[in-house]
Amino acid sequence: MTQNNLNSAHIIVIGNEKGGTGKSTIAMHLAVKLMMEKYQIAVIDLDGHQGSLSKYIENRRIFCENNNVVLPIPLHYRFEPTTDYSQISSELQNLDKTIKDLSQKVDAIIIDTPGHKNYLFEAAHKYADTLITPITDSFIDLNSIADIDPANGQLKNPGHYANFIWEIKKQLASQGKPYLNWIVCGNKTSTLRSRNKNFIFEVLTKLGKLYGFRFCTGLKDRVIYRELFLDGITVLDMQHEALKRKMNVSHLAAKLEIKELAEFICP
């Protein structure tokens with residue numbers, strides 16, 4: 001995991017202009033994985049209205065207190081967008097200060113963004129060293145990246161999110177920042193093989209060369225991820241000496257998915 005400079009945290013933004021793609025699940029598992037490898041991690045939840053990541057961490061704290069267990073918990077900050085337009089500038093300054101302060105204290109900052117564009121969503125992308133875009137095996141999700149002819153797989157037009165990232169890349173380049181490490185991962189996908197999923201993944205692999213992102217498979221749509229959310233724990237925690245929960249084949253497969261995704265994102 002590389003950093004902007006010797007005294008600055010690596011900033012990982014998890015974003016897609018589409019809800020329901022599993023951004024918070026990836027954010028939590030990635031944070032825990034990196035903390036288990038002795039990195040100091042902070043997370044920032046910008047999806048203040050829904051607050052899935054914040055709820056995940058709250059559940060984790062409660063679980064640890066109730067069971068007298070010590071599990072890695074990242075530093076946590078939450079921002080909820082204001083409806084008072086006069087306060088937006090102040091809120092952006094607060095976000096900027098939080099990120100700059102944390103950059104001197106931790107190795108990486110993971111920022112979870114909302115599933116729709118607002119001023120916090122736009123601001124977060126401008127800090128990214130690495131951008132992770134989860135996408136399901138759905139043409140609705142694919143449309144945010146590109147408008148594709150399903151008959152032949154040919155590109156019609158770039159999607160609205162891809163256009164947004166192109167503008168972000170230009171802004172970062174104008175500021176002399178390093179090349180944006182953009183990763184698109186197939187996430188919350190069916191555990192079964194399907195013609196539709198294969199087609200979408202093939203299209204995304206080809207689009208990566210055109211749009212400048214790397215494509216990988218992320219986490220499948222497993223019940224275990226939803227169940228563990230209630231306790232605030234991850235698949236990575238299940239064999240903790242104080243828990244020692246029995247792991248079945250699905251759990252082991254999920255753990256391998258997380259390991260492979262983390263290594264793809266942060267070699």
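Here, residue 1 is the first one in the sequence, and each next residue gets the next number. It should be emphasised that the depicted structure is a prediction, and the values quoted were computed from it without experimental measurement.
- Listed by chain and residue number, Asp101 satisfy the salt bridge (charged side-chain N to carboxylate O under 4.0 Å, His left out) test with Lys97 (two or more places apart in sequence, or in another chain).
- With 3.5 Å as the limit, one finds no donor-acceptor pair spanning the side chains of Asp137 and Thr189.
- Ion pairing between a basic and an acidic side chain is recognised when a charged N comes within 4.0 Å of a carboxylate O; Arg61 and Glu58 show no such pairing.
- No chain of hydrophobic side-chain contacts below 4.5 Å, direct or via other Ile, Leu, Val, Met, Phe, Trp or Tyr residues, connects Met28 to Leu256.
- In summary, the side chains of Glu17 and His160 do present a donor paired with an acceptor at a separation below 3.5 Å, with no hydrogens or angles considered.
- At a cut-off of 3.5 Å, with distance as the only test, no side-chain donor of Thr21 or Asn187 sits close to an acceptor on the other residue.
- Of all heavy-atom pairs between Tyr211 and Pro158, the closest is OH-CA, 3.2 Å.
- Within the 3.5 Å criterion, the main-chain N or O of Thr234 finds a donor-acceptor partner in the side chain of Asp237.
- For the pair Ile26/Ile258, no side-chain contact is recorded, criterion being any heavy-atom separation below 4.5 Å from C-beta on.
- Listed for the Asn67 side chain is no donor-acceptor partner under 3.5 Å among the backbone atoms of Val69.
- When atom types are taken as modelled, the side chain of His76 and the backbone of Asp45 share no donor-acceptor pair closer than 3.5 angstrom.
- Counting only distance, with no hydrogens or angles, the side chain of Asp84 and the backbone of Ser86 share a donor-acceptor pair below 3.5 Å.
- For the atom pair NZ (Lys197) and CD (Glu202), the distance works out to 12.5 Å, reported to the nearest 0.5 Å.
- The hydrophobic cluster containing Tyr85 also contains Leu46, counting ILVMFWY residues as joined when their side-chain heavy atoms lie under 4.5 angstrom apart, directly or transitively.
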Taking it one step at a time, do Leu207 and Phe213 satisfy side chain to side chain contact (heavy atoms under 4.5 Å, CB included)? CA-CA 8 Å; Leu207 287 176; Phe213 63 77; 3.8 Å; yes
Test ring-ring contact (aromatic ring centres under 6.0 Å, His included) on Phe164 and Phe121; report intermediate values, then the result. CA-CA 11 Å; Phe164 171 69; Phe121 176 97; 5.6 Å; yes
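- Using bins of under 30°, 30° to 60° and over 60° for the plane-to-plane angle, the ring pair Phe199/Phe139 lands in the tilted bin.
- A 4.5 Å side-chain heavy-atom check between Phe215 and Phe264 finds every atom pair outside the cut-off.
- Nearest heavy atoms, Met36 versus Pro72: CG-CG, 4.4 Å.
- Environment of CG in Asn248: crowded, with over 12 heavy atoms of neighbouring residues, nucleotides or ligands closer than 6.0 Å.
- Residues forming a ring-ring contact (aromatic ring centres under 6.0 Å, His included) with Phe79 (at least two apart in sequence, or on another chain): none.
- Between the side chain of Lys188 and the backbone N or O of Arg222, no donor-acceptor pair lies under 3.5 Å.
- Side-chain contact between Lys126 and Gln171: present, with at least one pair of heavy atoms (C-beta onward) separated by less than 4.5 Å.
- A chain of hydrophobic side-chain contacts below 4.5 Å, direct or via other Ile, Leu, Val, Met, Phe, Trp or Tyr residues, connects Leu243 to Ile224.
- For the side-chain contact (heavy atoms from CB on, under 4.5 Å) criterion with Lys18, the lone passing option out of Leu142, Thr133, Ile140 is Ile140.
- Distance alone, capped at 3.5 Å, is enough to place a donor-acceptor pair between the Tyr119 side chain and the Thr82 backbone.
- Within a 6.0 Å radius of CD in Gln50, no more than 12 heavy atoms belonging to other residues, nucleotides or ligands are found.
- If you chain together hydrophobic residues whose side chains sit under 4.5 Å apart, Ile73 and Ile62 never meet in one group.
- Between Asn16 and Pro134, the shortest heavy-atom distance links the atoms ND2-O, 2.9 Å.
- Residues Trp166 and Leu131 do not share a hydrophobic cluster, defined by chaining ILVMFWY side chains whose heavy atoms lie under 4.5 Å apart.
- Judged purely by atom type and a 3.5 angstrom limit, Arg60 has no side-chain atom pairing as donor or acceptor with the backbone of Leu71.
- Put simply, the side chain of Met35 reaches to within 4.5 Å of the side chain of Pro74, judged on heavy atoms.
- Gly212 approaches Trp182 most closely through the heavy-atom pair O-CB, 4.0 Å.
- Between Tyr161 and His125, the ring centre distance stays below 6.0 Å.
- Put simply, the side chain of Glu257 gets close to the backbone of Lys220: a donor and an acceptor are under 3.5 Å apart.
- Nearest approach of Ala9 to Val106, heavy atoms of both residues: CB-O, 3.4 Å.
- Annotation for Leu236 and His29: closest pair CD1-O, 3.8 Å, computed over non-hydrogen atoms.
- Using a 4.5 Å heavy-atom threshold, the side chains of Tyr77 and Leu75 count as touching.
- In terms of modelled atom types and a separation under 3.5 Å, the side chain of Asp141 and the main chain of Thr136 share a donor-acceptor contact.
- A 4.5 Å side-chain heavy-atom check between Asp47 and Thr113 finds every atom pair outside the cut-off.
- Considering only heavy atoms from C-beta on, Thr25 stays 4.5 Å or farther from Arg226 through its side chain.
- By the 4.0 Å N-to-carboxylate-O rule, Lys259 lies close enough to Glu263 to be salt-bridged with it.
- The shortest side-chain heavy-atom distance between Asp107 and His10 does not fall under the 4.5 Å cut-off.
- When Asp129, Ile99, Val13 are each tested for a side-chain contact (heavy atoms from CB on, under 4.5 Å) with Ile109, only one passes: Ile99.
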